[in-house]
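Per chain, numbering begins at 1; letters A, B, ... match sequence-line order. Keep in mind it's a predicted model, so treat the numbers as computed, not measured.
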Amino acid sequence: MTNDLLPDDIAQRRPCGSIGPGDDGGTVVVAGFVEDLRNLGNIAFLTVRDRSGKVQLTLLKKKMPELFALASSLSRESVVAATAKVQRSEKANAGFELLPSQLRLLGAAESPLPLGPADAVGVEVETALNNRFLDLRRPQTMAVFLCRAAILRGVREQLQQEDFIEVQTPKIVATATEGGAGLFPMQYFERKAYLNQSPQLYKQILMASGLDRVWEVGPAFRAEEHNTTRHLNEFTSIDIEMAYADDEAVMGVLERVLQAAMRSLNEHAPDALRTLGVTLVPPQLPLPRITYDHCRALAAKRDITVAFGEDLSMEVLRAIADELPDLYFITRWPSAAKPFYIRPVPDSPQHSFAFDLQYREKEITSGGQRVHDVGMLQQRLLDQGLDPEAFAYYLKAFRYGMPPHAGWGLGADRLTLILTQRENVRECVLFPRDRERIVP
RNA sequence: GCCCCGGUAGUGUAGUGGCCUAUCAUACGAGCCUGUCGAGCUCGUGACUCGGGUUCAAAUCCCGGCCGGGGCGCCA
């Protein structure tokens, strides 16, 4: 039994970017998209591209009339495979070219293309998203997602090294994490359920399980009608929760995770960074920590009054960012501005052990030490107008031995946005979900 | 949720009442070319978001719909 869809030697396929003048005289198999075809009459040049790079196939009409005819008939972005001899060449910009002995069309592309990956014109985000698979054939777009993978790889390696256990928590839930707003309702057989807005409650429950240190990378859903370049209704959250730890301890984990993400980018995606024109210098640790009260004072210096308990507006955050390095923590937030599960400071309970990690004016992480006393948790639920009955399954985990713990949630999409220096978070998500878009 | 802005060939754009039978680039089709690699040259195809209104005249002004972009709030 043979498989006639692929050439017999396809298993020997080499990434285009791995072939060089050093392969002179050898035979290689390549496969990819036809980026460009330049037919000069008696000689034609075909550029084939895969994820790793491009190669030029050179076809002489006299020497290989059938291949020349086939190559000349190809439409851009069609998928081809070729077996070819590598020849060092001064005439080719790359210093070598491929002389094919076999060429096969594996998947023809229709024309015109809804988006030309090799076109010398810009592409609007809207057009790119509507044709994402073609957009991804553009080196710049491809590079963003190669970077995203390298970032997650660095995060994963660092957390594993610090003995965190990777877990998955449910995305279909019965109650809100922090109140009723912002949830997508769904029909769950005969009952109403919701898409989870955060793994917060579940990762805390796991602190009562003995798993000690857990982390999860997964989707979170927020039914908020925001319309900005940094919000999506489905986003990817990197979460940790750590027992026997306070806010300082998990801030330390976060700093090391960030540094690991940047190092991983430099190590595993240097070409992608170059394509994007990004140079990354991992920051010196520790990152600066400034308190919320200090932020208010900085705002006051610019004649902006921030009442205690009030959230920091974009205007205030920009003013603060002007005075600090790109990455910094804002600590000791007012208890009133943070969720019920954040622990108040004992000798100043209007303050809390909550922190945010900021990249200039953008918030990328929110975390803190948690309340682990069940009585205090119940009281804080009531204070925030929530019904402890609805949280019974969560509160139960605090009654039979719950270690003190802390944690954070880091936005994977925003982290990618920042590290790849893109402008819109939609550029950093393959198939983003916003107020208007659920297709593709 | 509040506010502002936009929609012109496949793609990206110029055009703010008549000079628009609409600009340019790119893509696409045909032709020429044995060294291209942003190939080149010649010729050609291809568009004003939809509906209503104002006007002698609307891509252009007004109203509404649809679609999109951005800011703020909120947050990851």
Side-chain angles (χ1 to χ4, degrees), chain A residues 35-49 54-63 68 75-77 87 89-97 109-131 134-135 138 177-179 181-182 197-200 217-239 310-315 317-318 337-339 356-359 361-367 408-418 423-426 428-429 434-437:
Chain A
E35 173 157 311
D36 189 28
L37 169 67
R38 296 178 296 282
N39 183 347
L40 277 64
N42 287 308
I43 187 170
F45 303 97
L46 196 63
T47 304
V48 175
R49 180 195 63 240
K54 310 171 188 181
V55 287
Q56 173 172 280
L57 304 186
T58 301
L59 299 104
L60 292 162
K61 193 177 194 175
K62 280 184 197 160
K63 289 193 178 172
F68 187 91
S75 54
R76 283 197 316 161
E77 298 302 326
Q87 185 169 79
S89 168
E90 295 298 312
K91 294 175 189 165
N93 281 354
F96 73 99
E97 59 194 349
E110 290 180 24
S111 178
L113 298 162
L115 177 164
D119 284 6
V121 295
V123 182
E124 292 204 327
V125 173
E126 168 75 2
T127 306
L129 294 180
N130 284 338
N131 303 281
L134 275 174
D135 177 48
R138 301 167 64 226
T177 302
E178 316 170 10
Q197 59 191 178
S198 160
Q200 180 65 32
V217 50
F221 306 90
R222 305 268 166 96
E224 283 156 8
E225 297 187 344
H226 29 46
N227 182 214
T228 77
T229 53
R230 62 187 184 285
H231 287 93
L232 292 172
N233 295 292
E234 176 180 351
F235 64 96
T236 300
S237 184
I238 302 165
D239 272 88
E310 197 182 309
D311 219 324
L312 302 177
S313 69
M314 289 304 277
E315 184 193 15
L317 289 169
R318 284 195 188 96
K338 289 290 172 183
D356 284 357
L357 177 71
Q358 298 284 135
Y359 178 82
E361 73 277 4
K362 292 189 181 78
E363 178 185 341
I364 58 175
T365 307
S366 192
W408 43 253
L410 166 62
D413 318 299
R414 284 189 185 177
L415 182 60
T416 306
L417 174 77
I418 287 159
E423 289 184 349
N424 191 324
V425 73
R426 276 159 260 242
C428 301
V429 176
D434 62 26
R435 181 72 183 85
E436 301 295 339
R437 178 180 293 278

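Pairing of B:C66, defined by two Watson-Crick or G-U wobble distances under 3.5 Å, is identified with B:G7. Pair check for B:U42 finds B:A30; Watson-Crick or G-U wobble, both atom distances under 3.5 Å.
When the nearest nucleotides of RNA chain B are assigned to A:N93 and A:G116 by heavy-atom distance, the more 5′-ward of the two goes with A:G116. In terms of position along RNA chain B, the nucleotide closest to A:T58 lies nearer the 5' end than the nucleotide closest to the other residue of the pair A:T58 and A:D356.
When the C1' atom of B:G38 is taken as reference, atom CZ of A:R76 falls 12 Å away, rounded to whole Å. Between the CD atom of A:E35 and the C1' atom of B:U26 there is a distance of 14 Å, given to the nearest Å. Atom CG in A:L232 sits roughly 19 Å away from atom P in B:C74 (whole-Å rounding). The interatomic distance linking A:F45 (CZ) with B:C33 (P) rounds to 16 Å, in whole Å. One can place CG of A:L40 at 14 Å from C1' of B:G31, the figure rounded to the nearest angstrom. Rounded to whole Å, atom C1' of B:C28 lies 16 Å from atom CG of A:N39. Remark: C1' of B:A39 and CD1 of A:I43 are 13 Å apart, rounded to the nearest angstrom. We find that CG of A:L57 is positioned 17 Å from P of B:C37, with the value rounded to whole Å.
When distances run from any side-chain atom of A:K62 to the nucleotides B:A27, B:U34, B:U36, the shortest one goes to B:U34. When distances are taken from the side chain of A:N42 to each of B:A76, B:A39, B:U34, the shortest belongs to B:U34.
Dashed line: the shortest gap from a side-chain N or O of A:S366 to OP1 or OP2 of B:C75 is not under 4.0 Å. Checking the phosphate oxygens (OP1, OP2) of B:U34, no side-chain nitrogen or oxygen of A:R38 falls inside 4.0 Å.
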Which is it for A:R138 and A:E35 under the salt bridge (charged side-chain N to carboxylate O under 4.0 Å, His left out) test, yes or no, and what are the steps along the way?
CA-CA 10 Å; A:R138 301 167 64 226; A:E35 173 157 311; over 6 Å; no

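The side-chain heavy atoms of A:R76 and A:P117, taken from C-beta on, include no pair separated by under 4.5 Å. Contact of the A:D36 side chain with the A:K54 side chain is not registered, since no non-hydrogen atoms from C-beta on lie closer than 4.5 Å. The side-chain heavy atoms of A:H231 and A:R414, taken from C-beta on, include a pair separated by under 4.5 Å.
The CZ atom of A:R222 lies 12.0 Å from the CG atom of A:L232; values are rounded to the nearest 0.5 Å. Taking NZ from A:K61 and CG from A:L40, the interatomic distance works out to 12.0 Å, rounded to the nearest 0.5 Å. Here the OG1 atom belonging to A:T365 is positioned 8.5 Å from the CD1 atom belonging to A:I238, to the nearest 0.5 angstrom.
Within 4.0 Å (heavy atoms only), A:T47 reaches no atom of the nucleic acid at all. Within the nucleic acid shown, A:L60 comes within 4.0 Å of at least one base atom, counting heavy atoms only.
Using atom C1' as the reference point in both B:G18 and B:A57, the two lie 6 Å apart (nearest Å). Nucleotides B:U60 and B:C20 have their C1' atoms positioned 11 Å apart, rounded to a whole Å. Taking atom C1' on both B:G70 and B:G51, the two are 27 Å apart, rounded to the nearest angstrom.
Per the stacking criterion (ring centres < 5.5 Å, plane angle < 30°), A:F235 stacks onto the base of B:A76.
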5' to 3', nucleotides 64-73 of chain B under a 4.0 Å protein heavy-atom cut-off (B base, S sugar-phosphate only, - none) gives ----S-BBBB

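A:R414 contributes a side-chain N or O that forms a donor-acceptor pair with the base of B:C75 under 3.5 Å. On a pure distance criterion of 3.5 Å, no polar donor-acceptor pair joins the side chain of A:D119 and the base of B:G12.
Using a 3.5 Å distance cut-off with no hydrogens or angles, the side chains of A:N130 and A:R437 do pair a donor with an acceptor.
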